[in-house]
Structures are given as structure tokens and as C-alpha cells.
Amino acid sequence: MEIPRQTEALLGRSHSPSAAIEQLRRGLRGELVLPTDATYDQARRVWNGAIDKHPAAIVFCANPDDVVRAVTYARSQSCLVAVRSGGHNVAGLSVCDDGMVIDLSRMKKIIVDPERRIARAEAGLTLGEFDAATQAHGLATTMGVNGDTGIVGLTSVVALASSGESTD
């Protein structure tokens with residue numbers, strides 16, 4: 001099944017930013033990157049350099065409200081969405097062609113409660129950042145081995161494995 005191209009839906013027929021996407025940009029605390037922006041080529045890259053996809057828009061979320069705005073906008077435009085935390089997926093599933101990438105990599109808040117031995121972390125943390133914060137309190141995790149992997153991908157796999165779902 002082929003997924004329809006979304007560039008026109010996101011940007012309008014002229015491939016220049018539409019009023020709706022400019023409204024999305026103004027409502028974000030984070031950053032919206034479009035193919036016409038100077039930072040676009042760097043923003044669309046992921047860990048696996050063989051992946052060369054071209055999203056119609058990339059939203060670098062600064063907080064959960066930005067995530068809600070991006071998802072709401074994407075839903076209103078019926079467009080394909082890829083979610084990126086660390087961008088480490090070898091198959092390149094954290095970026096898409098002609099859709100919207102919702103990038104969580106700038107959401108890095110972590111609160112460690114050493115008394116209860118728990119941590120609350122935002123979706124943009126890498127395993128290395130998570131480990132540094134928890135190890136400062138004598139805590140450790142069994143989440144993964146590559147420090148530059150985003151914790152969202154790692155915790156999703158752990159959650160699926162714990163539930164008995166296939167992770168293949």
C-alpha cells in the first residue's frame with residue numbers, strides 16, 4: 001500500500017507555507033522547520049546516514065503542549081506522522097517522506113527521586129543522558145547499551161516485551 005504524498009496538504013498547493021502552518025509555527029514554543037528553511041537538511045537527518053527521507057515539515061517540540069499542537073495539526077491535515085526521539089532506529093522509522101516529523105529530542109527534563117528510586121524523564125533524553133542523571137544518585141537502568149539511543153524507543157521495546165507483544 002502506498003501512502004499518499006502529504007506535502008500539498010501540509011504546505012498548501014504552492015509549496016509555500018500556508019496560513020494554517022504559519023499559525024502552527026506561531027503557537028509553538030519549539031521550532032518548525034520546512035523544506036525552504038536553511039536548517040532543513042540538517043534537521044531531517046537521522047543516525048543511519050543511509051536514510052534519506054524528505055518530510056514536508058519537522059516540528060522540534062519544546063514541551064508536551066507542542067506535541068499536542070503538532071499531532072492536532074497533522075490530524076487536521078490527514079498527514080503521515082513519524083515521531084523521533086533519538087533518531088537511532090536503523091530502519092529510519094523516525095523520519096518520513098512528505099509527512100510531518102514530530103521531533104522530541106529537545107525535551108530533556110529529568111527528575112530523579114533517589115528515595116523512591118524512580119525517575120521521570122521527558123521523551124527527548126538519550127540513554128547516556130538518562131544514565132548520567134540516575135547514576136549521580138547511585139541508580140542504574142537496564143534499558144540499553146548505546147548511549148546515543150533515545151529512551152522513548154528503548155522504553156517502547158521494553159513495554160512491548162513486558163506485555164508479551166512481538167518486538168520484531
Side-chain angles (χ1 to χ4, degrees), residues 1-109 120-127 129-130 144 146 148-161 163 165-168:
M1 177 178 145
E2 187 173 319
I3 297 173
R5 297 177 67 86
Q6 302 295 317
T7 303
E8 288 186 6
L10 280 168
L11 300 178
R13 298 212 178 270
S14 69
H15 295 282
S16 63
S18 68
I21 205 157
E22 285 306 319
Q23 183 177 357
L24 170 64
R25 185 189 308 264
R26 285 191 303 275
L28 293 172
R29 284 199 50 223
E31 179 184 8
L32 174 65
V33 177
L34 302 176
T36 55
D37 294 334
T39 58
Y40 176 77
D41 279 329
Q42 180 62 34
R44 69 182 181 85
R45 289 193 182 119
V46 290
W47 172 81
N48 182 351
I51 303 299
D52 187 26
K53 295 183 181 177
H54 295 82
I58 304 164
V59 178
F60 286 97
C61 298
N63 58 33
D65 289 340
D66 281 357
V67 177
V68 171
R69 284 186 201 291
V71 169
T72 300
Y73 180 84
R75 183 182 308 139
S76 76
Q77 302 300 315
S78 300
C79 74
L80 176 67
V81 169
V83 178
R84 179 169 63 193
S85 174
H88 204 276
N89 180 274
V90 71
L93 299 178
S94 59
V95 67
C96 59
D97 281 321
D98 299 311
M100 177 184 282
V101 173
I102 299 176
D103 187 294
L104 310 173
S105 66
R106 296 181 183 174
M107 297 175 59
K108 296 197 176 277
K109 182 177 178 183
R120 293 185 182 270
E122 288 187 333
L125 280 174
T126 63
L127 177 57
E129 294 163 334
F130 183 88
N146 293 326
D148 61 345
T149 304
I151 65 168
V152 166
L154 292 168
T155 56
S156 296
V157 170
V158 170
L160 285 174
S163 70
E165 295 286 326
S166 172
T167 58
D168 295 335

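Every value quoted in this text rests on a predicted model; they were computed, and no experiment measured them.
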Closest heavy-atom pair, Cys61 versus Arg106, reported as atoms and distance to 0.1 Å, is O-CB, 3.7 Å
Between SG of Cys96 and CG of Leu80, what distance do you get to the nearest 0.5 Å? 4.5 Å
Side chains of Thr149 and Thr126, heavy atoms from C-beta outward: is any pair under 4.5 Å? no
Does any part of the side chain of Gln23, heavy atoms only, come nearer than 4.5 Å to the side chain of Tyr73, both counted from C-beta? no
Approximate separation, where rounding is to 0.5 Å, of Lys108 NZ and Glu122 CD: 10.0 Å
Got Tyr40 and Ile58 here, is their nearest side-chain heavy-atom distance under 4.5 Å? yes
Provide the closest heavy-atom pair for Ala91 versus Ile51 in the form atom of the first, atom of the second, distance. O-CD1, 3.6 Å
Would you confirm whether Arg69, through its side chain, and Gly27, through its main-chain N or O, come within 3.5 Å as a donor-acceptor pair? yes
Return the minimal non-hydrogen interatomic distance between Pro35 and Pro55, and the atom names on each side. CG-O, 3.8 Å
Under the side-chain contact (heavy atoms from CB on, under 4.5 Å) test, which residues partner Ala50, sequence neighbours left out? Asn48
Ion pair present between Arg44 and Asp41, side-chain N to carboxylate O less than 4.0 angstrom? yes
Check Val46 against Gly87 and note the closest heavy-atom contact, atom names and distance. CB-O, 3.5 Å
Distance (rounded to the nearest 0.5 Å) between Ile102 CD1 and Ser85 OG: 13.0 Å
State whether the side chain of Asp37 and the backbone N or O of Thr39 hold a donor-acceptor pair below 3.5 Å, judged by distance alone. no
Quick check against the 3.5 Å criterion: does Asp66 have a side-chain atom that pairs as donor or acceptor with the backbone of Leu28? no
With a 4.0 Å cut-off, would you call Arg25 and Glu31 a salt bridge? no
Taking the side chain as every heavy atom from C-beta outward, state whether Leu32 and Ile21 have any pair of such atoms under 4.5 Å apart. yes
Do side-chain atoms of Gln77 reach the backbone of Ala74 as a donor and acceptor pair under 3.5 angstrom? no
Straight-line distance of Leu125 CG to Ile151 CD1, nearest 0.5 Å: 5.0 Å
Between Arg84 and Asp103, does any NZ, NE, NH1 or NH2 come within less than 4.0 Å of an OD or OE carboxylate oxygen? yes
State, yes or no, whether a side-chain contact exists between Met107 and Phe60 at a heavy-atom distance under 4.5 Å. no
Ring pair (Phe, Tyr, Trp, His ring centres under 6.0 Å) pairs touching residues 79-104, sequence neighbours excluded, are Trp47-His88
With sequence neighbours left out, what residues match Val68 under side-chain contact (heavy atoms from CB on, under 4.5 Å)? Thr72
Hey, does Leu104 have a side-chain heavy atom less than 4.5 Å from the side chain of Val67? yes
Has Lys53 got a side-chain atom pairing as donor or acceptor with Asp97's backbone, closer than 3.5 angstrom? no
